Amino acid sequence: MTEKQSIIIDTDPGQDDAIAILLALASPELDVLGITAVAGNVPLKLTETNIRKICELAEMPHVKVYAGSDKPMKRQLFTAEYVHGETGLNGVQLPEPNMPLQKQHAVDFIIETVLSHPEKSVTLCTLGPLTNIGHALVKTPEIVPRIKELVMMGGGLFEGGNVTPAAEFNIYVDPDAAKLVFDSGIPIVVMPLDVTHKALTTRTRISAFRALGTKVGKASAGWLDFFERFDEEKYGTDGGPLHDPNVIAYLLEPKIYSGRHINVEIETESELTVGMTVADYWNVTEKPKNAIWITDLEADGFFDLILNRLAKFT
Ligand code: BDR
Ligand code: CA
């Protein structure tokens, strides 16, 4: 087998974050060095607890989980209980976790891990607001050339926004952190709404998770049932978009994705469009290209991948 890819998952679970974490933990190609919590879909106390609940569901209590930022770098926290429910993981009742939360702060864990691993060997996978990464960049800018890549779920161009007409949730919550990331020089891959809106949790796909008959299969189906209700109504589709697992699936099967290397900047000032990913898809500015902007996926391949991997859990 080729060498494992070392990753840190930074996340705010979230039902779709939960599926992404399970996909990573089920994949032998990935070495999950740690999972860091950020405030986003729900407050930090819940996101860090939810990560530990998910690890215990996967029967992997040895995974290292770190709590990070409880609010955006410069703004008040905006949460999304209206999508994910008050726990962030509504749809399934999981027991309170026994596994420990690590003592180290997530930002310090990210810095220390990137500095202590071989240059360009650690990939950051971000599934929520970019606050922890923003703080790490301010505290220790020396990490930039050492990071292999940052693969994120966030933003939107052709699909617009999902919190405001211009802004997607993860960028909207902490646009200042997102700006630091996009301006940093780290190689970035973006899974925006443009692609995640093509990864729909149809009835048939959810049934396939339930048919696994396992704890993880049933939990996944329960989460997706809950999570999609809101989006189906909003978008009028069969199923809601499954956002965050695209970040992990990209690492496992990059061939199912296509996109374009472009310049992306973040709006932090305008009241109307704050949190907008200003993505220069047509290269009208000729500014340096700083991100691979994914627009398409092979959706059946994506769901087959998740289903096959999650089948390994009990
Ligand atoms: C993103 O926001 C959250 O609600 C989801 O978990 C995903 O990361 C989609 O806009
Ligand atoms: Ca998320």
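Order of appearance sets the numbers: ligands from 1, and atoms from 1 within every ligand. Fair warning: this is a prediction, and the values are worked out from it, not measured in the lab.
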Are there any N/O pairs under 3.5 Å between ligand 1 and the protein, and if so, what are their distances?
| residue | atom | partner | partner atom | Å |
| --- | --- | --- | --- | --- |
| ligand 1 | 4 (O) | N41 | OD1 | 2.9 |
| ligand 1 | 4 (O) | H84 | NE2 | 2.7 |
| ligand 1 | 6 (O) | D16 | OD1 | 2.6 |
| ligand 1 | 6 (O) | D16 | OD2 | 3.2 |
| ligand 1 | 6 (O) | D17 | OD1 | 3.0 |
| ligand 1 | 6 (O) | N41 | ND2 | 3.2 |
| ligand 1 | 6 (O) | D244 | OD2 | 3.1 |
| ligand 1 | 8 (O) | L127 | O | 3.0 |
| ligand 1 | 8 (O) | N170 | ND2 | 3.0 |
| ligand 1 | 8 (O) | D244 | OD1 | 2.7 |
| ligand 1 | 8 (O) | D244 | OD2 | 3.0 |
| ligand 1 | 10 (O) | N162 | ND2 | 2.8 |
| ligand 1 | 10 (O) | E168 | OE2 | 2.4 |

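In the displayed structure, K120 atom NZ is contacted under 6.0 Å by more than 12 heavy atoms of other residues, nucleotides or ligands. Shown here is K71, whose NZ atom has no more than 12 heavy atoms of other residues, nucleotides or ligands within 6.0 Å. Counted within 6.0 Å of NZ on K64, heavy atoms from surrounding residues, nucleotides or ligands total 12 or fewer; the atom is thus considered open.
Applying the ring-ring contact (aromatic ring centres under 6.0 Å, His included) rule to pairs touching residues 174-195 yields nothing, sequence neighbours excluded.
Looking at residues two or more places apart in sequence or on another chain, you find no salt bridge (Lys or Arg N to Asp or Glu O under 4.0 Å) involving D70.
Salt-bridge formation is detected for the pair E48/R52: a Lys NZ or Arg NE/NH1/NH2 atom is positioned less than 4.0 Å from an Asp or Glu carboxylate oxygen. In this structure, K53 pairs ionically with E96, as a charged nitrogen and a carboxylate oxygen lie closer than 4.0 Å.
A donor-acceptor contact shorter than 3.5 Å is absent between the side chain of D280 and the backbone of N263.
In this model, a donor atom of one side chain and an acceptor atom of the other lie less than 3.5 Å apart for N90 and T87.
Around the Ca ion (ligand 2), protein atoms of type N, O or S found under 3.0 Å number 5.
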